[in-house]
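Let me begin by presenting the structure, written as structure tokens, before commenting on it.
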Amino acid sequence: MSPRAPRGPVAVTVVAASALAAGLLAVPSSAAAAEIRIHDIQGSTRISPLAGQRVTDVPGTVTAIRAFGSSRGFWVQDTAPDDDPATSEAIFVYTGSTTPSVAVGDSVLVSGTVSEYYPGGKDAGGQSLTELSKATWTVRSSGNALPAAYRLNPSTIPDRYAPDAGGNSIEGLRLRPRSYALDRYESLEGMRVSVQDAPVVGATNTYKELWVTAEPRHQRTARGGALYSSYRDANAGRVKVVSLLPYAEHPFPVADVGDALTGTTAGPLDYDDFGGYTIAATALGGLADHGPERESTRAQRADELSIATYNVENLSPKTAQSKFDRLASGLVEHLASPDIVALEEVQDDNGSTDDAVVSADATLKKLTDAIEAAGGPSYAWRQIDPVDDQDGGQPGGNIRVAFLYNPERVSFTDIPGGDSTTPVRVEEKGGKATLSASPGRIAPADDVWKDSRKPLVGQFSFRGRPVFVVANHFNSKGGDQGLDSRFQPPARSSETQRTGQAATVNTFVKELLNADPKAAVVVAGDLNDYQFSPALAELTEGGVLTDLVTRLPKDERYGYVYNGNSQVLDHILTSRALSRHADYDIVHVNAEFSDQSSDHDPQVVRVRP
């Protein structure tokens, strides 16, 4: 589980039941101890009505202990709940870097200061956790039975995800757990919850986390994920799973999307800034390997031009050779050696070292050498070095888009004049479209590309016909509020820039088509947005481009998995001259798997210009 930053001094006083029996301390009266219960602290909204106050002798049973990291502590749950479904009956007792000397099953009286903790900081926009800090406690008895875990399933999780506050905070709204999924989870904060035979919808990551869904029949992909297909449906049953069990004795399951955690997975319901509501498991289900295998696409025919897009995730010569080899194997074996590949996240020749180096020749040579060693073609490449530190991405990395192409199948039309700052123009010669420079960058000085990758357009020739390919990597979603944000609906601030970027590319494509209405144009890359987003609406405005993902069956429209949602970020779009015979495929080799060579699945289209 992701460690939290310490939140200040922690006072811990532990008094054993034997000390009480010996009369060493005055014992509060039962009435005083019962005066404040956990549900009184939690209240019926997201913020405790007692926030900032000190409470004494709050009763509960220890249900779980976090004994690692800088955010140690334990959960206590009241075994005498009230009748209000909006009030949680459990709370986390924060002990900082000190391992609490309690045991699961201890009946305790806890005193401490009620606080609201925002994982990731309040400005991140996430939910808060109500907890007790500067805590002292007494252990009254041990070995007590734990309260039953609340079962998360389709009958207990509402279809609607969150109340609509017009973009404002929902913290002051009374929880309606029967109406909204986020309210249901908040009403269970800290309480023992469980899922049964839960499908895995987000593969195990390097932090030993995975995602499951408690709604096994809701919005599933063809391969077992949870399909994110509109802003209206966030897939409310998704929850993250981490483990409180010792890894040496209880290895965390290494699962892929489509697998399942069989039996019962249970533990307190936590929240963090890397995924929202989380089962901190004290019991982990077994792993059932149901996941499908990695896909391979068919080879292009002699009269078909195949064009792929692949985000290779911060690739540089510093990257391990094993990743180059896996990317190469994927391109050769799973993508059938495409004729043209639009690459995203190609870093400069010394990667994240922040200096004046901007060339990527060493990066691309290492990749093309690996492809050839894997039995693929001897790819050539074209790209334009960016201005140092102007295109966003990992600091110092100077990521950019680039073309690989197989010169035995397709030729590149080199037209001098393209550089990092000169905008490429469309020209008309003999009733046909051509470029002022190839490769060239589209409007590199326009503000829409500030701190973002500039599109690269190249003019190719296949069987005597010109084909224009635009490689893209639009700005990231960084800064957007999460689906589980306390602001609802969440703000998508990064969307404005992407929409402007899409409009700029759309304008360029229209210029090509004005010069030649039958021009063969392919726009490809990591657009960092969904097929139903304003950016894609702007990119396809006027019907000049067809977003090919919209032609797939609905349950196949994904190539990226984030927080358990299978979604579309990468796209291939074609002009009218190519759309009719376009054969398009998202090749699932990465996003659904715990073992990845990139976090994106590549895509390929076969066209007949």
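Throughout, residue positions are numbered sequentially from 1 according to the sequence presented.
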What distance separates D585 CG from Q603 CD, expressed to the nearest 0.5 Å? 9.0 Å
I want to know whether Y228 and Y562 have ring centres closer than 6.0 Å. no
Hey, are the side chains of Q321 and K366 touching, using non-hydrogen atoms and a 4.5 Å cut-off? yes
Could you tell me whether R294 and E333 make a salt bridge, using a distance below 4.0 angstrom between a side-chain N and a carboxylate O? no
Checking salt bridge (charged side-chain N to carboxylate O under 4.0 Å, His left out) for the pair R453/D526: CA distance, chi angles, key distance, verdict? CA-CA 11 Å; R453 285 66 56 187; D526 176 5; over 6 Å; no
Between D259 (side chain) and D256 (backbone), is there a donor-acceptor pair under 3.5 Å? yes
Does the ring centre of F403 sit less than 6.0 Å away from the ring centre of Y405? no
Answer with yes or no after comparing the ring centroid distance for F593 and H588 against a 6.0 Å cut-off, counting only values under it. no
Is it the case that the side chain of K454 and the backbone of W449 share a donor-acceptor pair, with hydrogens and angles ignored and the cut-off at 3.5 Å? yes
Is there a side-chain contact between I442 and N472 in this structure, where contact means two heavy atoms from C-beta onward sitting under 4.5 Å apart? no
Under a 3.5 Å cutoff, is there a donor and acceptor pairing between the side chains of Q459 and S438? no
Sole candidate of D391, D446, D419 that passes salt bridge (charged side-chain N to carboxylate O under 4.0 Å, His left out) when paired with R441: D391
V332 side chain near I371 side chain, heavy-atom distance below 4.5 Å: yes
Is any NZ, NE, NH1 or NH2 atom of the basic residue among R382 and D414 found under 4.0 Å from an Asp or Glu carboxylate oxygen of the other? yes
Donor-acceptor contact present, side-chain D272 to main-chain G275, <3.5 Å: yes
Which heavy atom of V568 sits nearest a heavy atom of D570, and at what distance? CG1-O, 3.4 Å
Side chains of Q383 and R400: any donor to acceptor distance under 3.5 Å? yes
